[in-house]
K.L.:
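Got a structure here, written out as structure tokens. Questions coming.
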Amino acid sequence: MGWRTPVHPPNDTFDITPDSMIEFVFSLGTPCYLRTEPAEQLLPTCYIVGLLDKTVQIRANGLLKTLRARFYP
């Protein structure tokens, strides 16, 4: 599935919720950051989202283009 959208504050964050799927994400365009405490972490261009036990939040600012593939564990 591909996704392309402009994201700007205050709508520059989105949640990834636990859904019992593993996702392989390839991201182009603006950099994405994983929102953690005490600081945000820059995500690489290509990353895997494993099985989650809580919601995580991602932030970007600009034109976000992603391609993802979902897999059953």
Side-chain angles (χ1 to χ4, degrees):
M1 172 186 287
W3 183 49
R4 180 179 168 171
T5 189
V7 287
H8 301 288
N11 301 317
D12 60 347
T13 60
F14 53 97
D15 293 335
I16 298 177
T17 56
D19 63 358
S20 72
M21 300 288 282
I22 297 171
E23 297 183 37
F24 178 72
V25 181
F26 187 74
S27 182
L28 297 170
T30 190
C32 292
Y33 297 88
L34 178 63
R35 296 193 69 182
T36 59
E37 293 298 327
E40 296 180 337
Q41 297 177 357
L42 178 64
L43 290 171
T45 303
C46 186
Y47 56 94
I48 294 176
V49 177
L51 298 176
L52 301 173
D53 60 353
K54 64 180 180 178
T55 300
V56 295
Q57 203 169 55
I58 305 271
R59 184 185 67 78
N61 187 7
L63 184 60
L64 182 63
K65 297 183 240 178
T66 60
L67 177 65
R68 69 179 178 148
R70 301 179 82 193
F71 302 95
Y72 290 104

K.L.:
To the nearest 0.5 Å, what is the distance between CG (Leu63) and OG1 (Thr30)?
P.N.:
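OG1 of Thr30 is found 8.0 Å from CG of Leu63.
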K.L.:
Does the pair Gln57 and Phe14 meet the rule for a side-chain contact (heavy atoms from CB on, under 4.5 Å), with working shown?
P.N.:
CA-CA 6 Å; Gln57 203 169 55; Phe14 53 97; over 6 Å; no
K.L.:
Which atom names give the shortest non-hydrogen contact between Asp53 and Pro18, and what distance separates them?
P.N.:
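That would be C-CG, 4.1 Å.
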K.L.:
Roughly how far, to the nearest 0.5 Å, is CG of Asp19 from CG of Leu51?
P.N.:
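Going from CG on Leu51 over to CG on Asp19, the span is 8.5 Å.
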K.L.:
To the nearest 0.5 Å, how far apart are CG in Leu42 and CZ in Arg59?
P.N.:
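Here the interatomic distance stands at 10.0 Å.
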K.L.:
Does Leu34 belong to the same Ile/Leu/Val/Met/Phe/Trp/Tyr cluster as Leu64, with side-chain heavy atoms less than 4.5 Å apart forming each link?
P.N.:
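Cluster IDs for Leu34 and Leu64 match.
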K.L.:
Work out which heavy atom in Thr13 is nearest to a heavy atom in Arg35; give both atom names and the distance.
P.N.:
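Smallest interatomic distance, heavy atoms only, reads CG2-NH1, 3.2 Å.
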K.L.:
Would you say Val25 and Phe71 are hydrophobically clustered, going by side-chain heavy atoms of ILVMFWY under 4.5 Å?
P.N.:
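Val25 does not cluster with Phe71.
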K.L.:
Would you kindly confirm whether Leu67 and Phe24 end up in one hydrophobic cluster when ILVMFWY residues are joined by side chain heavy atoms under 4.5 Å apart?
P.N.:
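No; tracing contacts between hydrophobic side chains, which count when under 4.5 Å, never links both residues.
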K.L.:
Measure the shortest side-chain to side-chain distance between Thr17 and Leu52 over non-hydrogen atoms and say whether it is less than 4.5 angstrom.
P.N.:
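With C-beta onward as the side chain, the pair stays apart.
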K.L.:
To the nearest 0.5 Å, tell me how far Gln41 CD sits from Tyr33 OH.
P.N.:
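Result: 12.0 Å between the selected atoms.
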K.L.:
Minimum heavy-atom separation for Ser20 to Pro73, with atom names?
P.N.:
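Looking at all heavy atoms of both residues, the shortest contact is O-CD, 3.3 Å.
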K.L.:
Restricting to non-hydrogen atoms, name the atom on Val49 and the atom on Ile16 that form the minimum distance, rounded to 0.1 Å.
P.N.:
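Here Val49 and Ile16 meet closest at CG1-CG2, 4.2 Å.
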K.L.:
First locate atom CG of Asp15, then atom NZ of Lys54, and finally report the distance between them rounded to the nearest 0.5 Å.
P.N.:
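Interatomic distance, Asp15 CG to Lys54 NZ, rounded to 0.5 Å: 12.5 Å.
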